[in-house]
Amino acid sequence: MEKQQREQRPAPAPVGRRAFLLGAAVLGALWLAVRGGLRLARRARRPALAPEGSGQAPLGARERATLLALLPVVLPGDHGLGPEGPAALLDETLAARPELLPAFREAAALLERRSRQRLGAPFAEAAPAERDRILDSFLWRYRSGVPVGQARFRGSVLSRLERVFQAPAERRLREHVIRELLLRYYGGPRSWELAGQENRPGVPGDPRGYVRPPGHRDGAAERVRASEGAAERA
Amino acid sequence: VSSVRGREPDVCIVGAGIAAALLAERLGAAGARVLVLEAGPRHSPERLVPAMHDALAGRDPWSSDDPQRDLYTTAGELDYPLNDRRVRAVGGSALHWVGFTPRFHESDFEMRSRFGLAADWPFSYAELEPFYCEAERELGVAGTDDNPFASPRSKPYPLPAFPIGYEERTLGAVFAALGIRHHTYPQARNSTAYAGRPACQTFSVCHVCPIRARYDPLDHLARAEATGRVRVLPHANVVRLETGPASRVRRVVYADASGALHAVAAPLFVLAAGAVESARLLLLSGGAGHPDGLANGSGRVGRSFMDHFGRRFRVDADFDFRPFRKGFATAYTAQFYDHPERARCAAARIYWVPEVDPPDRLVERMISKSGNWGDALRRELRSQLAASYGRGFQIGYMAEPLPMEDNRVELDPDAKDRFGVPVPRITFSVSDYERAAWRENDARVESMIEAAGGRRSGLRTGFGGHQSGTLRMGHDPAHSVVDGWQRAHEVENLYVAGAGPFPTIGAVEPTLTIAATTLRLAARLLDLRRRGAASP
């Protein structure tokens, strides 16, 4: 009987839900249009910060300092790279993806301009928390879980509107510069460590570790270390 | 063409892979003077550690040192990736193998008489069995007699088996509910220290084992050279064999790294350059009386080229494996090898391994999607990986190829290598016999995935690198290139070692059988030597 009653209950009108969604989409689009328009107007008034170099010329000292100041913000606090590590990471990234040099140069100019605008000081001299806030001012949408043009929204009206109004340089900052630096940092051994692997390729492991269930490990086993020319007892 | 100075060797071997290494060591130890000619360079064992780092960085450490020397072309249904599946260097392709060493099944030697397919081998499994034992001792095979589907063996394995891994055991228990039985995977990898090499320490980069726990031929070559009677000459790219009177090879001509030609005369020659290059050399060695190539009166040289074309399914599942990387499989099932429908559907062997891909790609996807950076990003990555990585598995199988006449190695009429020599052209298509096994085993694998509560998320296919069949051995000169002792029917002082002479290759890796047949050939040559007849 109860079942019958449930079946007889009229379904909610689909038109109302559709109208609500449509309204929300229109409002969202309007909001984005206004925001984008304001940004475009601001940008038109703002003089561009002259880059130190162009094209494939090496980064200038100021650009390099800005990007090196960005690295401690995007990497974890205890990144384990040592004092020279961030510079090496930047160089390795650019050596591996030289075609991204203009994007790195553009990102440095973007950060520097915003820092001078907000703090009246170069990005490299800003306090870490300030640098984080400056980055957030460009990338708040990513942080709030609305990654522009990413899989969840790709193809949707919202995504297309976002793409129209988001400054391409800000998108490149996230998708070309920060992403590439993070991929280089987390790639290889660190990805194994992140995945909780006890035995990543290229290092000796407990010869029978693979037999036991996760979390169950006996004492240390004798290891053999690969070395130039010979197998040595470690 | 200049003649190589010095005393003429008793035996000239072309190629320096596993077959050449075993043969040279046996012949050298028995007092024969042997010259081994290798087209590629000589890598020292010290190269293994940097090679491992190359492999970890995604570079092929064994890629060709001379691409213009190693040119080839392809035809047919599939482009055969020859240079990805061979190593041209002293040590040969056994420098990059993973080390699996199951034996062929008895049925593989009798495909014609049992099923009316392909051709029988000129000798039986029983005749080869003692040499399988010897090969297992030489390579240091770890295994145990727990495979109820394997062919009989007369001696225990020289090394204890690698225990079956946690993941393979866990999934094996799931598949047991379907009546599927699994067992250990024999492999030429030291489960304990053996032959002066250490036990495996799960570096997980098995195709470049940095501590040489996985067998490679370098020790056999070193022992051969230590006799003082064996010489290995790298960068000696043989371009033809020249014949003299009375159906004999008089000398081989090779090009050195500069392209200069040299000739080596010897009373006996062994081609051990792999199924592609050995066939190519015979085709290149045509002359008066044999215009279609040396030893090719049957027209079979280069025909029936075979390799295993494996299928592997990626499965999303929810096991808490967090796999402990070891780099090699420890179990498989041969239950579907000798099945009742073998006459119409190829044999197959099924294996399963935990998710083996590096987490890099997953991390890359997560980073691309994430809105975080700094400490928050690392926390997010850790948490997402804990929920997703190491919970899936892969399940694959290797099916038996049929030796098809049209799958072959020929000389390309248009392309030449850097020595001006026609390059091999490889034609490869998949037989209906093998496709029948795909249908059958795809369905079987689906039921296994379902039993494990998983979901198929991808399929990978690829060649095993087991080039074989181009120089078939058999009793009948009209239908084979070499006889049961691997001697060319038409050339009395020319032998062929390796997988080229194999009439069939079943559904297992051929390396142990290459070793066993080579040791049988070595015993034959030494027996002839003792008797003083056409021998080294």
Side-chain angles (χ1 to χ4, degrees), chain A residues 72-78 132 135 139-147 150-152 174-175 178-179 182-183 186-192 194-216 221-233, chain B residues 44-46 48-50 52-53 55-57 162-167 169-170 191 197-205 209-213 320-327 330 358-364 366-379 381-382 385-386 389-390:
Chain A
V73 182
V74 298
L75 298 180
D78 55 341
D132 189 77
L135 195 58
L139 306 180
W140 61 272
R141 281 181 304 283
Y142 290 94
R143 185 160 264 187
S144 62
V146 189
Q150 293 301 319
R152 258 190 304 167
R174 173 66 183 84
E175 293 176 9
I178 293 175
R179 179 176 173 275
L182 289 172
L183 289 181
Y186 282 111
R190 279 196 189 84
S191 70
W192 292 101
L194 279 173
Q197 287 283 302
E198 292 180 46
N199 192 45
R200 68 177 163 80
V203 296
D206 176 349
R208 290 290 175 270
Y210 72 88
V211 178
R212 301 170 193 127
H216 178 89
E222 190 182 28
R223 307 288 172 93
V224 171
R225 179 165 61 86
S227 64
E228 302 293 333
E232 295 176 357
R233 298 287 165 193
Chain B
S44 72
E46 283 75 17
L48 289 170
V49 173
M52 177 185 75
H53 290 296
L56 288 169
F162 282 87
I164 293 176
Y166 171 71
E167 307 90 347
R169 208 168 63 232
T170 306
S191 55
R197 294 177 290 115
C200 171
Q201 298 284 319
T202 59
F203 276 81
S204 314
V205 199
C209 181
I211 59 171
R212 304 185 62 223
D320 184 11
F321 284 151
R322 279 176 284 155
F324 184 99
R325 289 279 308 203
K326 58 187 186 297
T330 51
D360 291 59
R361 195 164 288 176
L362 211 53
V363 168
E364 181 178 342
M366 291 171 180
I367 286 175
S368 301
K369 283 184 177 179
S370 174
N372 285 317
W373 55 83
D375 290 327
L377 174 66
R378 186 164 62 183
R379 277 195 301 276
L381 293 176
R382 277 218 170 102
L385 282 166
Y389 186 73

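Reminder, nothing fancy here: chain letters follow the sequence lines and each chain counts from 1.
Taking CG from A:D78 and CZ from B:R378, the interatomic distance works out to 4.0 Å, rounded to the nearest 0.5 Å. One finds the OG atom of B:S370 at 8.5 Å from the CG atom of A:L182 (value rounded to the nearest 0.5 Å). Rounding to the nearest 0.5 Å gives a distance of 11.0 Å between CG of B:N372 and CG of A:L139. The distance from atom OG of A:S191 to atom CD of B:E364, rounded to the nearest 0.5 Å, is 11.0 Å.
Between B:F162 and A:Y210, the ring planes lie tilted relative to each other; the angle falls in the 30° to 60° range.
A:L135 touches chain B through backbone and side chain together, each having a heavy atom under 4.5 Å away. When heavy atoms are compared at a cutoff of 4.5 Å, B:I367 approaches chain A by way of both its backbone and its side chain. Residue B:L362 does not touch chain A at all, counting heavy-atom pairs closer than 4.5 Å. When heavy atoms are compared at a cutoff of 4.5 Å, B:R169 approaches chain A solely by way of its side chain, counted from C-beta outward. Contacts of A:L75 with chain B are made by backbone atoms alone, with heavy-atom separations under 4.5 Å and no side-chain atom involved. Neither the backbone nor the side chain of B:T170 comes within less than 4.5 Å of any heavy atom of chain A.
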> Should A:V203 and B:F203 be marked as a side-chain contact (heavy atoms from CB on, under 4.5 Å) after you check the CA-CA gap, both sets of side-chain angles, and the distance that decides it?
Replying inline: CA-CA 5 Å; A:V203 296; B:F203 276 81; 5.5 Å; no
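A salt bridge does not link A:R190 to B:D360: none of the charged nitrogens lies less than 4.0 Å from a carboxylate oxygen.
For the options B:C200, B:S191, B:P358, heavy-atom pairs under 4.5 Å to chain A are most numerous at B:P358. When each of B:A386, B:P163, B:S204 is scored by its heavy-atom pairs under 4.5 Å with chain A, the top score falls to B:P163.
The shortest distance between side-chain heavy atoms of A:Y186 and B:L381 falls below 4.5 Å.
Heavy atoms only, all atoms of each residue included: A:L194 and B:L385 are closest at CB-CD1, 3.5 Å. In plain terms, the two heavy atoms of B:M52 and A:G202 that are nearest each other are CE-O, 3.6 Å. In plain terms, the two heavy atoms of B:W373 and A:V73 that are nearest each other are CD1-O, 3.3 Å. Contact between A:P201 and B:L56 at its shortest, heavy atoms only, is CB-CD2, 3.5 Å.
Counting non-hydrogen atoms of other residues, nucleotides and ligands closer than 6.0 Å to CZ of B:R382 gives a total above 12.
B:D375 places no side-chain N or O within 3.5 Å of a backbone atom of A:P76 that could act as its donor or acceptor partner.
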